[in-house]
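Have a look at the structure below before the remarks.
Bear in mind that the values here come from a model prediction, so they are computed numbers and not experimental data.
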Amino acid sequence: MAEKLAPEKKHSFIHNGEKVFDWDQTLEEVNMYITLPPNVPKKLFYCKIDSKHVELGIKGNPPYLNHDLTCPVKTDCSFWTLEDDIMHITLQKRDKGQTWSSPIIGQGQLDPYSTDLEQKRLMLQRFQEENPGFDFSQAQFSGNCPDPRTFMGGIHSG
């Protein structure tokens, strides 16, 4: 995999001054990171991932998140884990290379400039995957970045 072109920083979704979650993306997946409240037994946390919806929370309470996803995911390859005090949700994109402006619809969308930067980074990641002997980490686009899903014949699954 193209480790050099992994996300350089996570995006944060802030609501009413509180961080709801952090997230990042690669060509193939979107990752969400939710900081868990302290002093709650780990076995009480749950997460349900459907092709177009995510729900998570503490059993016996209203869900912390209960939202439609920006784009559909492959449920058989999507999963969640608890790491220390973080719930890490890995959403496998159904359409590899699609640039997401946020994991969930209507919440925390990136501005157009940041979305463009994400698309450029994903395009470079695609070039790196298709040309493993070359280093694209310093490459730049002039003008509009092409869509990584369709540029030059599109993404080929290997």
Side-chain angles (χ1 to χ4, degrees), residues 1-126 128-130 137 145 147-150 154-158:
M1 281 290 158
E3 294 301 319
K4 290 181 182 175
L5 295 172
E8 294 170 11
K9 69 179 185 93
K10 295 176 185 169
H11 306 287
S12 293
F13 169 48
I14 309 290
H15 182 72
N16 290 336
E18 299 284 327
K19 181 170 71 171
V20 179
F21 59 80
D22 289 323
W23 70 282
D24 59 30
Q25 67 183 313
T26 66
L27 276 174
E28 299 179 350
E29 61 192 31
V30 171
N31 296 288
M32 296 175 67
Y33 309 91
I34 296 100
T35 302
L36 302 175
N39 305 318
V40 176
K42 300 283 190 247
K43 65 183 178 188
L44 292 182
F45 294 104
Y46 75 93
C47 181
K48 182 180 176 197
I49 303 167
D50 294 324
S51 63
K52 294 182 178 181
H53 193 85
V54 65
E55 179 182 328
L56 63 103
I58 300 170
K59 293 174 187 168
N61 292 283
Y64 177 70
L65 285 180
N66 188 12
H67 293 282
D68 288 335
L69 298 168
T70 297
C71 299
V73 299
K74 297 178 184 178
T75 55
D76 58 337
C77 301
S78 297
F79 58 93
W80 62 281
T81 59
L82 297 177
E83 303 166 11
D84 298 322
D85 61 344
I86 304 288
M87 180 182 282
H88 177 187
I89 303 171
T90 300
L91 302 169
Q92 189 77 27
K93 294 178 179 179
R94 186 176 295 165
D95 297 316
K96 180 179 176 180
Q98 185 163 28
T99 305
W100 290 29
S101 60
S102 173
I104 55 178
I105 292 176
Q107 302 292 328
Q109 258 68 18
L110 296 177
D111 59 68
Y113 177 74
S114 297
T115 301
D116 187 54
L117 290 178
E118 282 290 286
Q119 185 160 317
K120 288 176 180 177
R121 190 181 53 74
L122 294 180
M123 192 74 219
L124 292 174
Q125 186 182 7
R126 179 188 149 190
Q128 189 75 50
E129 277 186 11
E130 293 175 358
S137 61
C145 177
D147 186 330
R149 293 175 296 164
T150 58
I155 292 176
H156 306 285
S157 32

Gap separating the [atom1] atom of [X] from the [atom2] atom of [Y], nearest 0.5 angstrom:
X: M123; Y: L27; atom1: CE; atom2: CG; result: 9.0 Å
X: L91; Y: K74; atom1: CG; atom2: NZ; result: 13.0 Å
X: E18; Y: F13; atom1: CD; atom2: CZ; result: 12.0 Å
X: H53; Y: K48; atom1: NE2; atom2: NZ; result: 7.5 Å
X: E29; Y: K96; atom1: CD; atom2: NZ; result: 11.0 Å
X: I34; Y: M87; atom1: CD1; atom2: CE; result: 6.5 Å

Heavy-atom count around D84 CG within 6.0 Å, excluding the residue itself: above 12?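 No.
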
[Y] side chain reached by [X] side chain, heavy atoms, under 4.5 Å:
X: C71; Y: V30; answer: no
X: R121; Y: Q25; answer: yes
X: I49; Y: F79; answer: no
X: I89; Y: C47; answer: yes

Of all heavy-atom pairs between [X] and [Y], which one has the smallest distance, and what is that distance?
X: L69; Y: V54; value: CD2-CG1, 3.8 Å
X: Y33; Y: I86; value: CB-CG2, 4.0 Å
X: D85; Y: K42; value: CA-NZ, 4.3 Å
X: L82; Y: L36; value: CD2-CD1, 3.6 Å
X: W100; Y: V73; value: CH2-CG1, 3.6 Å
X: L122; Y: G97; value: CD1-O, 4.3 Å

Expected output: side-chain [X] to main-chain [Y] donor-acceptor under 3.5 Å:
X: K93; Y: Q98; value: yes
X: S101; Y: L110; value: no
X: H11; Y: D24; value: no
X: R94; Y: S51; value: no

Intermediate values then yes/no, side-chain contact (heavy atoms from CB on, under 4.5 Å), H88 and N31: CA-CA 7 Å; H88 177 187; N31 296 288; 2.9 Å; yes

Trace of the side-chain contact (heavy atoms from CB on, under 4.5 Å) decision for L56 with W80: CA-CA 10 Å; L56 63 103; W80 62 281; over 6 Å; no

Can you tell me if E28 and T26 form a side-chain donor-acceptor pair at under 3.5 Å?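 The criterion, which ignores hydrogens and geometry beyond distance, is not satisfied for T26 and E28.
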
Under the side-chain contact (heavy atoms from CB on, under 4.5 Å) criterion, do F45 and I58 qualify, and how do the steps go? CA-CA 5 Å; F45 294 104; I58 300 170; 3.6 Å; yes

F21 and I104: side-chain contact (heavy atoms from CB on, under 4.5 Å), yes or no, with the steps? CA-CA 11 Å; F21 59 80; I104 55 178; 3.8 Å; yes

